[in-house]
Amino acid sequence: MSERVERGRGRGDVDDYEQHGGFPVYRATEDDGGPDFGRLVEALRTIQDLGVSTAPPPDVVRRAAEQAEALVALLEPHRVPEGQQPGGRSMGLPGRGSLLMMPWTVEKFDATGVRSTGVFRRFHMGGNGAAHGGTLPLLFDDLFGMITHAYGRPISRTGYLHVNYRKITPIDTRLTVEGQVDRVDGRKTFVSARLVDAEGTLLADCEALMVVLLPGQP
Ligand SMILES: CCCCCCCCCCCC(=O)SCCNC(=O)CCNC(=O)[C@H](O)C(C)(C)COP(=O)(O)OP(=O)(O)OC[C@H]1O[C@@H](n2cnc3c(N)ncnc32)[C@H](O)[C@@H]1OP(=O)(O)O
């Protein structure tokens, strides 16, 4: 998958596909962070897990802080403007190599819908082994961005997003989320999705309105 997805282009009433409001033009890439970028992102995610699941003695905390500060100093001189960093644009990596997005793997991406699988990790936990309730809207919102993109709609922003929490969503358990465009009405794209476990049990479902941006709209 690279650059804009061709499938479904021009669907709905909005014909000017190249008009993406005031959004910068992003170019997705497979691996422009180089061969070790995926390793770095995975190690950083594991550090996030360990940061919320360990209770080290003070001398280990001090050494960990020193090593974390050394890593910050290593990376700090390499900041770039939005759209130039491999994080979030590396389509070949879980969560596109973003530390914010769920580190899930896209299995299906076309005009009929998008499906993704993965686990909520320890750092996504809310309490008692369940994913934090705020992480589900993030999962769905990012999926809806991909769904509207795969459908061929210009970049849109979420007008509303409604989550129904049907059952506890466990961490460290492989889950699947899948959704599609249900209806298009001018600038409005109505989308919905479902989160299920390996047995197909419905954990949560979601519906949302994505609104195509007007020229120059942020
Ligand atoms: C390769 C990887 C790709 C990956 C691609 C990833 C892409 C990034 C996707 C990120 C998605 C996000 O998280 S975006 C971040 C979260 N969302 C936001 O921050 C949006 C903040 N809100 C806004 O900017 C604005 O409210 C907009 C753009 C949503 C709409 O404002 P507007 O442009 O003035 O338009 P407006 O006239 O109000 O609305 C247009 C139509 O939508 C309806 N409408 C608007 N909001 C609502 C609402 N909450 N509930 C019902 N209906 C609504 C209006 O009634 C109207 O219908 P009618 O009268 O025409 O019938």
Side-chain angles (χ1 to χ4, degrees), residues 1-33 37-38 41 81-118 124 132-164 177-193 195 204 206-218:
M1 211 162 23
S2 65
E3 309 219 342
R4 303 272 180 224
V5 170
E6 299 294 323
R7 285 161 295 199
R9 176 173 289 195
R11 283 173 179 249
D13 300 335
V14 179
D15 293 328
D16 188 0
Y17 183 80
E18 293 306 322
Q19 178 57 255
H20 295 282
F23 251 74
V25 175
Y26 293 130
R27 296 297 175 205
T29 175
E30 283 295 317
D31 67 349
D32 77 352
F37 183 68
V41 174
E82 179 184 349
Q84 294 178 22
Q85 77 295 337
R89 296 192 308 127
S90 297
M91 303 307 293
L93 296 178
R96 303 192 299 277
S98 165
L99 283 177
L100 175 63
M101 301 308 158
M102 297 300 140
W104 288 32
T105 301
V106 174
E107 291 188 334
K108 175 193 169 194
F109 184 98
D110 62 38
T112 66
V114 176
R115 182 175 65 245
S116 176
T117 63
H124 298 123
H132 191 290
T135 59
L136 272 73
L138 175 61
L139 176 76
F140 283 121
D141 195 40
D142 193 52
L143 182 82
F144 290 147
M146 288 192 280
I147 286 171
T148 52
H149 190 62
Y151 194 78
R153 299 283 279 170
I155 282 189
S156 306
R157 286 213 183 266
T158 315
Y160 68 76
L161 185 149
H162 181 115
V163 178
N164 295 307
V177 69
E178 182 161 14
Q180 71 292 316
V181 170
D182 295 329
R183 186 164 63 90
V184 167
D185 175 11
R187 294 172 61 204
K188 298 184 286 188
T189 310
F190 295 88
V191 290
S192 62
L195 176 68
C206 183
E207 46 127 353
L209 167 63
M210 311 297 286
V211 181
V212 172
L213 297 177
L214 296 171
Q217 204 169 12

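Remember, predicted model here, so these are calculated numbers, not experimental data. Indexing begins at 1, ligand by ligand and atom by atom, following the structure's order.
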Quick check against the 3.5 Å criterion: does Glu107 have a side-chain atom that pairs as donor or acceptor with the backbone of Thr105? no
Between Thr112 and Gln180, is there a side-chain donor-acceptor contact under 3.5 Å, judged purely by atom types and distance? no
Looking at Met101, is its backbone amide N or carbonyl O close enough to the side chain of Ser98 to form a donor-acceptor pair, meaning the two atoms are under 3.5 Å apart? yes
So, Ser156 side chain and Pro154 main chain: donor-acceptor pair closer than 3.5 Å or not? yes
Do Ser90 side-chain atoms and Gly87 backbone N/O form a donor-acceptor pair below 3.5 Å? no
Atom 4 (C) of ligand 1: of His162, Arg187, Met146, the nearest heavy atom sits on Met146
Under 3.5 Å, side chain of Arg187 to main-chain N/O of Val212, donor-acceptor pair present? yes
Report yes or no: does a heavy atom of Ile155 sit under 4.0 Å from some atom of ligand 1? no
Restricting to heavy atoms, the pick from Asp141, Thr148, Thr158, Ile147 nearest atom 18 (C) of ligand 1 would be Thr158
Would you mind telling me if ligand 1 is within reach of the side chain of Leu209, the backbone, both or neither, using heavy atoms under 4.0 Å? side chain
Numbered atoms and elements of ligand 1 in range of Gly159, under 4.0 angstrom, heavy atoms: 49 (N)
Would you say Arg157's side chain and Leu213's backbone share a donor-acceptor pair under 3.5 angstrom? no
Taking both backbone and side-chain atoms of Met210, is any N or O found less than 3.5 Å from an N or O belonging to ligand 1? no
With a cut-off of 4.0 Å, which atoms of ligand 1 are near a heavy atom of Tyr160? 48 (C), 49 (N), 50 (N), 51 (C)
Answer yes or no: does an N/O atom from Gln217 fall short of 3.5 Å to an N/O atom of ligand 1? yes
Arg157 neighbourhood, listing ligand 1 atoms whose heavy-atom distance to it stays under 4.0 Å: 14 (S), 15 (C), 18 (C), 20 (C)
Counting heavy atoms only, which of Pro137, Gly88, Gly145 is nearest atom 6 (C) of ligand 1? Gly145
